[in-house]
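Right, one structure below, let's go through it.
A note on names: the letters A, B, ... follow the listed sequences, proteins ahead of strands, and every chain is numbered from 1. Quick note: numbers below take in every heavy atom, side chains included, and nothing from hydrogens, waters or symmetry partners.
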Protein chains: 6
Amino acid sequence: MPFVNVKITREGATSQQKAELIKGVTDLLVQVLDKNPATTFVVIDEVATEDWGVGGVPVEAFREQT
Amino acid sequence: MPFVNVKITREGATSQQKAELIKGVTDLLVQVLDKNPATTFVVIDEVATEDWGVGGVPVEAFREQT
Amino acid sequence: MPFVNVKITREGATSQQKAELIKGVTDLLVQVLDKNPATTFVVIDEVATEDWGVGGVPVEAFREQT
Amino acid sequence: MPFVNVKITREGATSQQKAELIKGVTDLLVQVLDKNPATTFVVIDEVATEDWGVGGVPVEAFREQT
Amino acid sequence: MPFVNVKITREGATSQQKAELIKGVTDLLVQVLDKNPATTFVVIDEVATEDWGVGGVPVEAFREQT
Amino acid sequence: MPFVNVKITREGATSQQKAELIKGVTDLLVQVLDKNPATTFVVIDEVATEDWGVGGVPVEAFREQT
């Protein structure tokens, strides 16, 4: 009964893409560890870019630097 | 000083129901482990149904199947 | 299908006490939000006291102060 | 720069299986959302069965029931 | 490659304050543990006050008591 | 009443270094957001290197590549 939390920046992921993530992660746990999909939960968190930091700065500032 | 995170799908839980969850979880930690309520935190996350997967699909699709 | 994470300091909680926490949290979600216990997960994390800080110091130092 | 946390019960997952989970989740994020693997983190938590509850009881008791 | 999650109540933290938190946490990990800032992630979650409990009640009720 | 979770790879951080992290994060929240240190929790998780993936591989393999 795995629980998977996927955190991504909020940048327009569609419902279809989220469904693909849910399916892909669940299939992976079935294949690798023989988990039961009915008790595999996947929760996606979208995080505003001002709330995600990397390199000591918010992600948008980080991208401008690199 | 426990920290409890409750994740539920966003489906109309009221402020009153959230307050009941907070009280219930806190009382439980006091009763079972003699924790101090003043340093017991409870954080509730409501998750959109398209962001919660089970059985390899978003929760609404899962409910239609079952 | 709630997911609840309970973090406590590692100070000798027994298997029986953990089972009481699991039962209590699950019952609470059934009572307050009519959740299905079969899809309610509760995960307990015990954290070493040197890894838990409050008041700017590890918890054991905090208790000596207060 | 996704961050993925995979929680599973501690039941003998091997280093090889963990590496397959890490690769699979990362590949999925690249395929579905065009994420950069170099900034995709995957953290696996193994949880003792007495610390994971479902159906109101620890997971081992749950399995005996079902 | 640390990952830091900062949860605060949603009470008007500005983008500037969030950037200061990101910078401060990252600098701290560089200074104390010699971590690479380019692979240090900081994610800030703002939580509605009705979703944060302490002392067995939502935080606003708690503040009125104390 | 902030809650901060710091996840690092398990590579020998000392109790003294952990105490410095706890102090530094707490001081930062006091300075930037005027939070009360007595209700600021910091929890440090050390993660085995085989359980932390980046670039699609466990962190030790990643370091050998780069």
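The minimum heavy-atom distance between B:F3 and C:W52, with the atom names listed, is N-CH2, 3.9 Å.
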Point to revise | Working for side-chain contact (heavy atoms from CB on, under 4.5 Å), residues C:M1 and B:V59 | key: CA-CA 9 Å; C:M1 47 205 62; B:V59 64; 3.5 Å; yes
Check your understanding: Does the pair C:V4 and B:V4 meet the rule for a side-chain contact (heavy atoms from CB on, under 4.5 Å), with working shown?
Key -> CA-CA 7 Å; C:V4 180; B:V4 180; 3.8 Å; yes
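Contact annotation for B:V6: both backbone and side-chain heavy atoms come within less than 4.5 Å of a heavy atom of chain C.
Options B:L21, B:T14, B:V54 differ in how many heavy-atom pairs under 4.5 Å they form with chain C, and the most are formed by B:L21.
At a heavy-atom cut-off of under 4.5 Å, chain B is reached by C:G24, C:V25, C:L28, C:L29, C:V32, C:L33, C:K35 from residues 24-37 of chain C, listed in order of number.
Crowding of C:K23 atom NZ: a count of heavy atoms from other residues, nucleotides or ligands under 6.0 Å not exceeding 12.
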